[in-house]
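The block underneath contains the structure these notes are about, expressed in structure tokens.
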Amino acid sequence: MNHQLFVYNTLTRKKELFEPINNPFVGMYVCGPTVYGDPHLGHARPGITFDLIFRYLVHLGYKVRYVRNITDVGHLENDADEGEDKIAKKARIDQLEPMEVAQYYLDRYHFAMDKLNVRRPSIEPRASGHIIEQMEIVQKIIDAGYGYESNGSIYFDIAKYNEKFQYGKLSGRVLDDLLATTRELDGQEEKHNSADFALWKKASPEHIMRWNSPWSIGFPGWHLECTAMGNKYLGETFDIHGGGMDLLFPHHESEICQSNVAFGHEPAKYWIHNNMITINGQKMGKSLGNFITLNEFFDGSHPSLTQAYSPMTIRFFILQAHYRSTVDFSNEALQAAEKGMKKLLMAQNLIPKLKSSAQSTENIKELQQKLYDALDDDFNSPIAIAHLFDGVRIINSVKDGKASLTEEDIELLKQLFESFVSDILGLKSEEAASGSDEMLNGVIQMLIDLRQQAKMDKDWAKSDKIRDELKNINVILKDTKEGAEWSIGE
RNA sequence: GGUCCUGUAGCCGAGUGGUUAGGCACCGGUCUGCAAAACCGUCUACAGCGGUUCGAAUCCGCUCGGGACCUCCA
């Protein structure tokens with residue numbers, strides 16, 4: 001099949017034909033989590049967005065190296081604990097080693113992402129393991145004349161950069177505007193210019209995470225890790241750089257500055273940014289304190305949740321919106337997603353049971369084309385899902401004998417659902433597969449047989465009792481023309 | 001204040017200058033001992049006001065509302 005994949009490039013604000021720099025190899029770098037807190041719904045968005053992109057690129061046959069970093073050092077705080085490293089702060093409070101805290105939350109992040117069926121990246125480098133590489137880039141920037149020292153810290157000279165390069169091209173900022181609107185920050189007096197950002201920060205005495213360097217004992221600046229690790233694992237220019245829209249400025253803008261100066265060109269060809277998840281119309285985030293952790297979704301323990309939502313429900317909910325739109329969380333929306341997803345997965349399970357006919361009344365090839373067209377258009381998962389529901393209607397109609405498919409078409413349909421539902425969208429049935437446990441299967445089949453006998457005797461009280469009792473232990477019976485079917489409920 | 005995004009039916013959410021998005025909910029029907037599921041059908045839309053156009057929900061302008069970024073944040 002001939003594909004023309006178009007991706008929206010934040011750099012140009014346009015959808016562009018995707019052409020890897022070194023076809024068929026694709027390098028993708030995505031900004032990963034800062035591991036100092038439990039993963040929340042906001043983390044699920046980029047996790048799932050770039051998982052979809054990763055999976056689709058692999059499906060199309062590209063050899064993808066997907067790098068997603070772990071930030072376990074280096075982000076500065078700007079509240080009461082000025083200049084203090086977040087990991088270090090948490091460590092002091094908890095009386096733990098900083099790396100112990102990072103490991104704890106990294107494990108929890110992995111656990112949540114695994115539940116969401118987010119594939120692990122090819123490489124997951126940690127900032128703390130790449131201090132040397134970051135220092136080398138600082139030195140390069142200093143050597144090139146764009147870094148200056150001030151009281152043991154090194155800053156990037158934006159004004160000088162803007163003479164030769166275009167500062168703000170990714171985020172659409174204009175330097176003069178920025179200078180007029182930048183707020184008062186700690187350490188401002190050390191900078192030549194309020195827009196300058198730190199490349200190396202001298203550690204204050206109580207700062208725990210610190211490394212020796214030619215300039216001072218300290219730690220690398222906020223934006224350096226991605227430049228260092230992207231370069232190390234994907235080369236000086238790679239295909240895709242991704243992350244949340246909130247990272248666009250100043251983080252990604254600064255990465256472009258660093259790469260231009262240190263390597264002579266920009267880091268990435270395509271910049272892809274996912275939008276935010278909102279709750280009651282407001283961004284869900286750590287700093288706003290309105291976030292719900294993923295574990296709270298999974299067990300329904302957060303007060304604003306009316307029930308627990310399975311990881312696959314969360315995944316489907318996120319995929320039902322386009323990645324560049326905000327998506328507003330609500331119980332109603334999640335419940336709708338839950339039902340819709342079950343319908344989709346139930347239909348998929350029916351495909352092998354369909355009976356073929358000599359003629360097809362439905363056009364499966366057209367469905368196939370529509371599915372690829374949807375994802376080729378900037379990974380439009382909501383459109384793809386809408387078309388999959390057309391497939392659901394076809395499957396159910398064929399099962400009811402109201403439509404027919406040839407054996408060939410059934411096979412194609414099966415293959416399409418496997419590719420799109422399972423492999424690309426990454427949706428999978430969460431119920432214990434009915435029939436996988438031989439003993440359970442036998443016991444329930446016996447009950448179904450007993451109920452069938454009761455039904456033949458028109459003993460409705462007994463047959464309903466069996467159905468109700470089974471429902472109480474989460475076994476759902478459905479009567480069909482071929483007899484009763486059973487499945488495990490939620 | 002600056003930069004940018006956005007406003008679609010009860011809810012969530014696509015999309016497009018002229019033709020059904022889709023899901024959930026609701027209502028009617030078919031099927032069923034009853035359920036459930038499924039299928040068929042119906043019903044609620046494009047914030048407001050102007051403009052461009054043969055034609056705009058889709059393009060432009062203004063007004064009103066919501067949001068993001070400008071500070072660590074996915």
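Proteins get letters first, then strands, A, B, ... in listed order; numbering begins at 1 in each.
- Heavy atoms of A/Ser463 sit under 4.0 angstrom from at least one base atom.
- By the 4.0 Å N-to-carboxylate-O rule, A/Lys462 lies too far from A/Asp457 to be salt-bridged with it.
- Judged as a side-chain hydrogen bond (donor to acceptor under 3.5 Å, both in side chains), and not counting sequence neighbours, the contacts of A/Asp38 are A/Arg108.
- Ring-plane geometry between A/Tyr29 and A/His241 is classed as tilted, the angle between the planes lying from 30 to 60 degrees on a 0 to 90 degree scale.
- Counting non-hydrogen atoms under 4.0 angstrom, A/His387 reaches nothing in the nucleic acid.
- Counting only Watson-Crick or G-U wobble pairs whose defining distances are both under 3.5 Å, the stems of 3 or more consecutive pairs in RNA chain B are B:1-7 with B:64-70, B:10-12 with B:22-24, B:27-30 with B:38-41, B:47-51 with B:59-63.
- In this structure, A/Phe389 and A/Thr278 both approach RNA chain B, and ranking their closest nucleotides by distance from the 5' end singles out A/Phe389.
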- Query: Where do A/Glu338 and A/Tyr309 land on the side chain to side chain donor-acceptor pair (under 3.5 Å) test, with the steps shown first?
  - Reply: CA-CA 8 Å; A/Glu338 181 177 50; A/Tyr309 298 99; over 6 Å; no
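- We find that NE2 of A/His322 is positioned 15 Å from C1' of B/A21, with the value rounded to whole Å.
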- Note on the structure: Letter by letter from the 5' end, nucleotides 34-41 of chain B scores (B base, S sugar-phosphate only, - none; protein heavy atoms under 4.0 Å) BBBSSBS-
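- Of the C1' atoms belonging to B/A38 and B/C31, the separation is 9 Å, rounded to the nearest Å.
- Rounded to whole Å, the C1' atom of B/U71 lies 37 Å from the corresponding atom of B/C46.
- With ring centers used as reference points, A/Phe297 lies under 6.0 Å from A/Phe329.
- Take the nearest nucleotide of RNA chain B for A/His43 and for A/Ala461: the residue whose nucleotide is more 5' is A/Ala461.
- A/Ala386 comes within 4.0 angstrom of a nucleotide base, judged by non-hydrogen atoms across all strands.
- Under the 30°/60° scheme for interplanar angles, the aromatic rings of A/His43 and A/Tyr109 are found to stand perpendicular.
- No engagement by A/Met245 is indicated, since no non-hydrogen atom pair under 4.0 Å with the nucleic acid exists.
- Note on A/Gly42: a base of the nucleic acid sits closer than 4.0 angstrom, heavy atoms only.
- Both tests pass for A/Arg324 against the ring of A/Tyr8: distance under 6.0 Å to the centre and angle within 45° of the axis.
- Which of B/G15, B/C12, B/A21 sits closest to the side chain of A/Ser330 comes down to B/C12.
- One can place CD of A/Gln320 at 13 Å from P of B/C12, the figure rounded to the nearest angstrom.
- The gap from the P atom of B/C11 to that of B/G50 amounts to 26 Å, rounded to the nearest Å.
- When the C1' atom is used for both B/G15 and B/G61, the distance is 24 Å, rounded to whole Å.
- A salt bridge is absent between A/Asp468 and A/Lys465; no separation between the charged side-chain nitrogens and carboxylate oxygens falls under 4.0 Å.
- A sub-4.0 Å separation between OP1 or OP2 of B/A25 and a side-chain N or O of A/Lys339 is present.
- Remark: the separation of the C1' atoms in B/U8 and B/A14 is 10 Å, to the nearest Å.
- Rounded to an integer number of Å, the gap from A/Phe329 CZ to B/C11 C1' is 13 Å.
- Protein atom CG of A/Asn274 is 13 Å distant from nucleotide atom P of B/C69, rounded to whole Å.
- Ring-plane geometry between A/Tyr167 and A/Tyr161 is classed as perpendicular, the angle between the planes exceeding 60 degrees on a 0 to 90 degree scale with a lower cut at 30.
- To the nearest whole angstrom, the two P atoms, one in B/U3 and one in B/U42, are 49 Å apart.
- Atom pair A/Arg173:CZ and B/G1:P shows a separation of 17 Å (rounding to whole Å applied).
- In this structure, a donor-acceptor pair under 3.5 Å is absent between the side chains of A/Glu362 and A/Ser397.
- Distance check on atom C1': B/C49 versus B/U44 gives 25 Å, rounded to whole Å.
- Classified by interplanar angle (parallel below 30°, tilted 30° to 60°, perpendicular above 60°), the ring pair A/His273/A/His252 is tilted.
- When all heavy atoms are compared, the tightest approach of A/Val30 to A/Tyr66 is CG2-CE1, 3.5 Å.
- Atom C1' of B/C59 sits at a distance of 26 Å from the matching atom of B/G22, rounded to the whole Å.
- A close approach under 4.0 Å does occur between a side-chain nitrogen or oxygen of A/Asn380 and OP1 or OP2 of B/G15.
- Note: NE2 (A/His273) to C1' (B/C73) measures 14 Å, nearest angstrom.
- Atom CG in A/Asn331 sits roughly 16 Å away from atom P in B/C11 (whole-Å rounding).
- Base engagement by A/Ile277 is indicated by at least one non-hydrogen atom pair under 4.0 Å involving a base atom.
- Atom C1' of nucleotide B/C69 and atom NZ of A/Lys169 are separated by 20 Å, given to the nearest angstrom.
- Heavy atoms of A/Val174 sit nowhere under 4.0 angstrom from any nucleic acid atom.
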